[in-house]
Structures are given as C-alpha cells and as structure tokens.
Protein chains: 2
Amino acid sequence: MAQAHSSSDRVTIRDVASVAGVSTATVSKVLNERPDVGAEVRQRVLDTIGRLGYRPNAVARGLRSRHTDTIAILTDDLEGIFTNALMRGVEDAASAYDISVLLANSYGDPEKERKHLRRLLDRQVDGLIIMSGNRVRPRSGPALPLPGTPYVFLYEYGAAEPVPSVLPDDRGGAALAAQHLIDLGRRRIGFINGPASWEATADRLDGLTTTLAAAGVALEPGFVRHATSWSPEEGYTLTSAMLDAPAPPDAIFGASDDLATGAIAAIHERGLRIPEDVAVVGFDDRSLAVHQRPPLTTVALPLLEMGRVAGQRLLAAVNGEEQRQELIRVPCELRVRASTTGRARTAT
Amino acid sequence: MAQAHSSSDRVTIRDVASVAGVSTATVSKVLNERPDVGAEVRQRVLDTIGRLGYRPNAVARGLRSRHTDTIAILTDDLEGIFTNALMRGVEDAASAYDISVLLANSYGDPEKERKHLRRLLDRQVDGLIIMSGNRVRPRSGPALPLPGTPYVFLYEYGAAEPVPSVLPDDRGGAALAAQHLIDLGRRRIGFINGPASWEATADRLDGLTTTLAAAGVALEPGFVRHATSWSPEEGYTLTSAMLDAPAPPDAIFGASDDLATGAIAAIHERGLRIPEDVAVVGFDDRSLAVHQRPPLTTVALPLLEMGRVAGQRLLAAVNGEEQRQELIRVPCELRVRASTTGRARTAT
DNA sequence: TCCCTCCACGAAAACGATTAAGTAAACGTG
DNA sequence: CACGTTTACTTAATCGTTTTCGTGGAGGGA
C-alpha cells in the first residue's frame with residue numbers, strides 16, 4: 001500500500017498536485033468535476049488521489065466556498081415520541097445529497113436555544129430544521145434572526161406568520177378514519193379528542209364531522225369530548241362515560257393511540273367485544289398500536305415523510321431556489337387492523 | 001442599534017481589529033482569553049465586538065486550529081427504542097462543553113456506514129460516538145480506521161478487543177430485581193430471558209442467579225426460559241407455560257418491559273392477582289412500563305447517564321487525556337411500582 | 001547611564017482548499 | 001500568414017482565523 005512518503009501529516013491537495021505534476025487548481029477542478037481539464041491529466045490526478053489516499057478537507061473547503069454542506073436540527077425535545085422518526089426523515093433527505101446533520105437540543109429553555117442557534121450560525125450551517133418553535137418562532141415577536149440562513153419548521157403548529165413549515169394533514173387523517181368507520185356501517189361514533197389547546201385537535205374534529213356529514217351521519221354532542229391530556233387514562237374515563245350512556249356508541253375514535261388504548265381498556269372492562277360491539281380507531285400509529293389486543297386500527301402520522309419533505313424543502317432553499325413561505329401538509333395513512341375489522345387486513 | 005457601516009457582508013475579525021485600532025492577533029487573543037493582553041485594550045476590543053455584533057467564524061477557526069469542536073454520533077438505528085435517550089445524554093455532555101453533535105444514520109448498511117464515516121472524517125470531527133458497531137467495530141476485522149480520531153462505543157455489545165465502551169450494568173440490574181423480590185418474600189421466581197444470542201441476557205441471568213443463591217433461593221430449571229424475541233407475545237406464551245405448571249411461580253421477572261407486559265396479560269387471563277398471587281418485574285423502564293395495569297416495577301436502563309458518560313469520556317480523549325481501552329458499566333436503577341408492591345411507592 | 005528582562009502588542013505566515021484572471025499552445029478562419 | 005478563439009493549465013489572491021516571532025518601550029538592578 002502506497003503511503004505519503006515524507007511526513008506523518010495528512011495528505012493535502014498540494015501533495016496530490018506535486019506528485020501528479022500539476023497545480024492545485026487543476027486538482028481542485030478534477031475534484032469538483034469541472035469541465036476544463038483534459039482526459040489524461042484528469043486520470044493521472046485521479047490515480048494519484050487514489051494512491052495517496054487523499055481526502056479533501058471539508059473545513060478548508062467550507063471556508064473558501066462559504067457553504068458547509070451541513071444543516072442543523074434544532075429541537076426542544078430530543079426524546080419526544082415523534083422526534084426520532086422526524087429526524088430520520090430529515091437525515092434521509094440530507095444524506096441523499098451528501099449533507100451532514102447537526103443536532104441541537106434545547107429542552108425548551110430559551111436561553112439554551114439562543115445559545116445553540118448562535119453556535120450553529122457561527123458554524124456556518126447552510127440551513128435549519130426547526131422543531132423547537134416555542135421560543136424562536138415568529139409567533140412571539142418578529143421574524144427569526146437568521147440573516148440569509150434558510151429554515152423550515154417541522155411539526156410545529158401555530159406559526160402566526162406565513163413561514164416555511166411542514167405538518168401532517170390532520171384533517172385528512174381524521175377523514176380517513178371517519179370514512180373507514182362509515183364503510184363498516186358504524187353510525188354512532190364517539191370521538192375522544194386531545195386537549196383543545198392543541199391546534200391539531202380542531203382539524204381532526206373538522207375532518208371527522210365533515211366526512212360524517214357528507215355521509216349523512218350526525219355526531220351526537222355528548223359523543224365528542226376533549227381530553228385534558230393525551231394519556232390512556234383520559235381515554236379510559238371518557239370512553240367509560242360514553243359506554244355508560246343509555247345508547248352507547250358503536251365506535252370510538254381516539255385522537256391518539258394512547259387515548260384509544262384507554263378506550264380499549266374501558267370497553268374490555270364492560271365485557272364488550274372489539275370490534276363486534278365497539279370498533280376502535282386511534283391516531284399516530286405508535287408502536288404500541290400494533291401490540292394492542294386486538295391490534296389497533298389507526299391513522300398513521302407520516303413522520304418519516306414529513307422529515308423528508310422538510311429536508312428536501314430546506315435543501316432546495318439552500319441551493320438557491322426561492323423558498324415559498326408556505327405550510328405543507330403531508331397526507332396521513334390509515335392502517336387497518338383488527339380493532340375495526342376483527343382480523344388484520346394488511347400487514348403492519 | 002449599531003450596524004456594520006460599510007458592506008452588507010459579515011463582520012470579520014479584521015473589521016473588529018481596525019475599528020478597535022488593534023491588530024487581528026490581539027482580537028484573537030481577547031477572543032481566546034489569552035493572558036498577554038492589557039486590561040484597557042481588552043475592554044476596548046470587547047466593546048467593539050459587542051458594538052459590531054461580531055461573531056467568530058467557526059469554520060475559519062477550525063481550519064487554522066485543527067479542531068472543530070464537533071463530535072459525531074454514528075448509529076445504525078436512529079429510531080431504536082433507546083437511541084433518543086442515549087443521544088440526549090451525549091448531546092447533554094457535548095453542549096455543556098460547547099461542542100456540537102453531528103448525526104449519521106446508516107440503517108445498518110455497511111456501505112452507508114463507511115460513506116458516513118468518510119464524510120465525518122473529512123469534516124474533521126474531533127471524535128466519534130459509535131452506536132453502530134456491527135460493521136465498523138473491531139469484532140469483524142482489524143481496528144477501526146480512525147487515524148488520530150478518538151471514539152467511544154455506546155451501548156454496543158460484543159467488542160472482540162478491548163475498546164473504549166459504555167454499557168449498562170446488566171448484572172447489577174438483575175441483581176437489584178432479584179433482591180427486591182427476595183425482600184418481598186418471593187421464592188418461586190420465573191425468569192423470562194431475552195434471546196440467548198444477546199450478550200446482555202447472560203449477564204442478567206448471572207445477576208439473578210447469584211443474588212438468589214446468596215439468599216439461599218434456588219431457581220427451578222423450568223422457570224428459566226429464553227424467549228426467541230423481546231416481544232410481549234413471547235412473554236405471554238412463556239409465562240402461560242409456567243403458570244400452568246403444577247406449582248406455578250409467585251413472581252415473574254422479564255428481561256424486558258415488553259416481555260413483562262406479556263406476562264401481565266397471561267397472569268390476568270388466568271384470573272390471578274398482581275402482585276398478590278404473582279409479582280412482576282420488568283427491565284428497561286420504557287414509557288409503557290408506567291402505563292401498565294398495574295404499573296410495572298422495572299429495572300431502569302441508565303440510558304441518559306450512559307450517553308453522558310460516553311460523551312464525557314470522548315471529550316476527555318479529545319482534550320488529550322489518554323484514553324483507556326476500557327469497558328465502563330453504568331449502574332441500573334430499580335423503579336418500584338405497583339406490580340410488586342400493590343401500590344406505587346415512588347413517584348415516576 | 002547601560003544592560004537585561006518582561007510585557008503588550010503587531011507583522012506575517014500559516015491552515016487547505018476554491019476561483020478569478022492570466023497565458024501559452026493549438027486551432028480555425030479569411 | 002496574421003489574427004482572433006478555444007482549450008488546458010498555472011499563478012496568485014482569497015476565505016477568516018490562529019499562532020509564531022519579532023519588537024519597542026517600560027521597568028529594574030548595578
């Protein structure tokens with residue numbers, strides 16, 4: 001194996017140039033696949049690079065060319081339920097374009113967040129994915145202080161001003177669930193929504209009612225409840241209340257898998273059968289959904305795809321495409337399982 | 001608000017120097033808190049920096065000083081159950097020292113992994129946290145090709161050679177659970193271990209048997225079973241088998257929360273009470289543990305702490321401390337809940 | 001007063017690439 | 001054959017810092 005002959009230091013573009021008998025400019029052109037370099041010289045340089053095991057120094061490159069091929073994810077909850085899948089989507093998109101991803105976690109502390117943001121800008125990141133809008137987002141003040149650095153909000157509700165942003169299609173997702181229940185002949189549908197303070201809950205309710213209305217099905221007022229948290233316990237108590245009503249529902253739609261899980265417990269407790277007596281649909285498609293008994297039909301949040309979309313939008317902006325200050329909704333997908341059909345119809 | 005007067009470009013150290021009437025060398029010294037600069041000059045420079053809103057360019061700094069204040073996490077499963085908590089620990093440690101964290105996900109694809117590794121080294125990262133040992137790890141060949149870049153393996157079992165590494169104390173964790181059950185007077189303990197191919201399972205079994213033996217309690221051969229996966233379903237079937245034995249166990253220890261969850265289902269199904277008839281202990285302390293009915297006593301994996309420890313070890317090595325090729329075990333913690341005591345004893 | 005030692009600071013050379021501008025040779029073209 | 005144009009390279013400046021020396025002056029001792 002050929003080695004750099006002289007020093008123990010890393011081999012630079014200058015070494016390659018001198019060994020190949022060309023200038024560093026030429027090596028650089030070969031590296032960047034520029035057209036104005038002859039075939040045999042190109043080959044010679046390539047060979048030399050291989051022999052010497054040369055690798056371009058990304059830091060030096062970044063200094064001169066003013067881009068670092070790096071984007072950052074700024075989050076306030078690295079351990080959030082959905083964070084990994086979102087991150088993975090972003091990482092997917094980025095690494096497809098040979099872009100690296102920096103991670104910054106703020107715990108929701110505005111001080112930490114500012115510190116991270118400063119550090120990232122110092123580091124000359126090319127763009128930012130923001131999953132930590134509580135503090136830096138435009139909602140609470142003027143626009144982000146990101147001179148010339150493009151950014152995309154990911155899974156951040158409630159931006160006051162138009163801003164590049166990616167969210168799930170909550171309305172469409174709820175509509176999917178509603179249509180599914182209708183198709184199964186259910187007419188007395190109970191909806192356990194999340195806390196009203198969450199923006200998504202309004203859209204989910206809207207998707208449900210609109211779809212039901214279109215099918216001529218009315219939603220009983222007592223069958224629409226806002227939980228005070230997304231927990232199974234809430235799902236359990238609210239479902240219990242509905243089941244104990246004189247004319248109980250024949251289906252429960254929970255605005256989260258946790259809520260639906262609580263519903264399942266309440267239904268089982270009363271000796272009712274799922275789905276024969278009461279069908280259950282959840283929302284999110286967390287891993288627990290498939291492990292329920294029976295496995296839970298649910299509306300899957302397109303987290304991976306959301307991450308990818310956000311990443312792609314950001315990279316487009318980094319590459320100079322003009323960025324539209326637009327909110328993009330990524331469609332949800334219905335995963336039909338035994339809690340509505342009695343036996344799993346589709347894998348996963 | 002004072003602004004850079006002349007151009008639209010970013011303000012550099014040279015601008016600061018000229019405005020403050022000193023050389024860039026001096027500004028640099030102030031920036032890096034070097035001693036050889038006088039008090040009033042220092043103050044003048046500091047003021048100028050503030051007025052101009054100057055921020056040092058980390059890329060340029062990295063080029064010259066040969067360190068980037070960046071470490072990377074190389075993982076093969078960004079969506080793994082434990083990945084976030086581990087990452088958060090690493091991020092904690094890093095950001096405490098003003099170090100940024102790069103993320104690289106390989107999906108276990110060795111090709112992708114090599115590509116990421118190359119990219120990270122090109123980027124001159126100061127060190128690596130490796131949670132993706134399947135391919136790059138020494139097990140399958142010679143040492144890592146990381147000339148001069150320190151690294152620490154995190155939550156990676158089975159390194160063939162001594163290598164800086166951080167793992168949970170599986171043995172100690174199992175011992176904690178065993179002691180707890182003994183203290184509660186349980187004597188007929190069933191152990192549902194994970195798949196034998198997992199290195200951790202041997203340690204957990206060992207911790208259990210050693211502790212029981214020390215208390216004079218024997219483990220019945222039929223009460224020690226290896227599952228073929230970590231799933232609740234496995235826990236369910238294996239527990240069922242034990243419960244249907246002539247003299248059933250009075251406690252089930254599952255080597256994962258999922259296994260223990262399955263155990264709970266099997267116990268309930270037989271109309272037995274938890275913990276009166278059968279106590280249940282899990283391992284991992286995933287979020288589902290606290291949501292079980294009854295809430296599950298479990299051995300918590302110290303993921304956050306493991307991440308922190310790995311981060312700190314790495315940063316120490318980056319700072320020139322000599323790195324010991326050593327495996328560090330981080331102690332687990334027992335979280336006592338109702339599945340053994342009948343009522344929660346501790347919060348969380 | 002002279003000499004030596006510090007102390008603060010500046011000049012200038014890196015760091016390893018990219019890139020604008022320049023140039024010599026080869027190549028038409030009239 | 002003289003004269004623009006390409007083609008294929010090279011030269012050298014540049015990106016924004018850090019860092020190694022060098023240096024002038026202040027201070028101290030004899």
Side-chain angles (χ1 to χ4, degrees), chain A residues 4 6-46 48-49 52-70 119 121-124 126 148, chain B residues 4 6-46 48-49 52-70 119 121-124 126 148:
Chain A
S6 51
S7 80
S8 66
D9 251 345
R10 204 170 344 290
V11 26
T12 80
I13 200 175
R14 219 172 327 251
D15 300 327
V16 175
S18 81
V19 171
V22 297
S23 75
T24 65
T26 302
V27 178
S28 173
K29 284 170 184 166
V30 171
L31 248 29
N32 296 298
E33 294 174 335
R34 287 227 200 298
D36 59 339
V37 45
E40 67 263 52
V41 169
R42 168 187 308 278
Q43 194 52 54
R44 182 149 39 95
V45 169
L46 251 21
T48 313
I49 287 176
L52 265 45
Y54 166 73
R55 304 248 72 217
N57 180 326
V59 177
R61 194 199 288 253
L63 174 59
R64 177 61 226 231
S65 64
R66 326 193 68 91
H67 58 77
T68 51
D69 291 354
T70 303
R119 187 153 64 207
L121 295 178
D122 290 354
R123 227 159 266 258
Q124 314 283 101
D126 295 337
Chain B
S6 50
S7 78
S8 66
D9 251 345
R10 199 162 358 283
V11 26
T12 78
I13 200 176
R14 219 169 330 248
D15 300 327
V16 175
S18 81
V19 171
V22 298
S23 74
T24 64
T26 302
V27 177
S28 174
K29 285 169 185 166
V30 171
L31 247 28
N32 297 297
E33 293 174 335
R34 289 227 198 297
D36 60 339
V37 44
E40 67 262 52
V41 169
R42 169 187 310 276
Q43 194 52 52
R44 183 147 41 93
V45 169
L46 251 21
T48 313
I49 287 176
L52 266 44
Y54 165 74
R55 305 247 68 217
N57 179 327
V59 177
R61 192 199 289 253
L63 173 59
R64 176 64 228 228
S65 64
R66 324 191 70 91
H67 58 77
T68 52
D69 290 354
T70 303
R119 186 153 66 210
L121 295 178
D122 290 355
R123 227 157 266 254
Q124 314 284 103
D126 294 338

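Remember, predicted model here, so these are calculated numbers, not experimental data. Reckoned from all heavy atoms, side chains included, excluding hydrogens, waters and symmetry mates.
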Provide the closest heavy-atom pair for [X] versus [Y] in the form atom of the first, atom of the second, distance.
X	Y	value
Val59(B)	Gly62(A)	CG1-C, 3.9 Å
Asp122(B)	Arg55(A)	OD2-NH1, 2.6 Å
Ala17(B)	Ser23(B)	CB-C, 3.7 Å

Residue [X], side-chain heavy atoms: nucleotide from [options] that is nearest:
X	options	result
Arg34(B)	dT17(D), dC9(D), dT19(D)	dT19(D)
Leu63(A)	dT18(D), dT18(C), dG16(D)	dG16(D)
Val37(A)	dC9(D), dT18(D), dT18(C)	dC9(D)

Would you please confirm or rule out a distance under 4.0 Å between OP1 or OP2 of dC15(D) and any side-chain N or O of Asn57(B)?
no
Would you indicate, yes or no, if dT18(D) has its OP1 or OP2 atom less than 4.0 angstrom from a side-chain nitrogen or oxygen of Arg61(B)?
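True: Arg61(B) side-chain N/O within range (under 4.0 Å) of dT18(D) OP1/OP2.
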Given atom [atom1] of [X] and atom [atom2] of [N], what is their separation to the nearest angstrom?
X	N	atom1	atom2	result
Arg10(B)	dC15(D)	CZ	C1'	12 Å
Ile13(B)	dT19(D)	CD1	P	11 Å
Asp122(B)	dA17(C)	CG	C1'	13 Å
Arg66(B)	dT20(D)	CZ	P	12 Å
Asn32(B)	dT20(D)	CG	P	12 Å
Arg14(A)	dA12(D)	CZ	C1'	12 Å
His67(B)	dG16(C)	NE2	P	14 Å
Asp36(B)	dT18(D)	CG	P	14 Å

Note: contacts of residues 22-30 of chain B with DNA chain C (heavy atom, under 4.0 Å) are Val22(B), Ser23(B), Ala25(B), Thr26(B), Lys29(B)
Would you indicate what Arg42(B) reaches in the nucleic acid, counting non-hydrogen atoms under 4.0 angstrom: base, sugar-phosphate, or nothing?
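Result for Arg42(B) = nothing.
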Select base, sugar-phosphate, or nothing to describe what Val41(A) touches, counting heavy atoms under 4.0 Å on all strands.
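Val41(A): backbone/sugar contact only, no base atoms under 4.0 Å.
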Which distance, rounded to the nearest 0.5 Å, do you find between the OG1 of Thr68(A) and the CZ of Arg123(A)?
10.0 Å
Once you round to the nearest 0.5 Å, how far does CG of Asn57(B) lie from CZ of Arg66(A)?
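Between atom CG of Asn57(B) and atom CZ of Arg66(A) there are 8.0 Å.
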Just to verify, what does [X] make a side-chain contact (heavy atoms from CB on, under 4.5 Å) with, not counting sequence neighbours?
X	result
Thr12(B)	Arg14(B), Asp15(B)
Ile13(B)	Thr24(B), Val27(B), Ser28(B), Leu31(B), Tyr54(B)
Ser65(A)	Arg61(A), His67(A)

To the nearest 10 degrees, the angle between the two end axes of the helix from dT1(C)-dA30(D) to dG30(C)-dC1(D) (five pairs per end) comes to 50°
By the definition side-chain contact (heavy atoms from CB on, under 4.5 Å), identify the one residue from Ile49(B), Val19(B), Leu52(B), Thr48(B) that meets it with Val11(B).
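Going through Ile49(B), Val19(B), Leu52(B), Thr48(B) one by one, the side-chain contact (heavy atoms from CB on, under 4.5 Å) with Val11(B) is satisfied by Leu52(B) alone.
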Can you check whether any acceptor in the base of dT17(D) is under 3.5 Å from a donor in the side chain of Arg64(B), or vice versa?
no
Name every donor-acceptor pair, under 3.5 Å, that has one atom in a side chain of residues 34-46 of chain B and the other anywhere in the protein, sequence neighbours excluded.
unit_1	atom_1	unit_2	atom_2	d
Arg42(B)	NH2	Arg34(B)	O	3.2
Gln43(B)	NE2	Asp47(B)	OD1	3.0
Arg44(B)	NH1	Ala20(B)	O	2.5

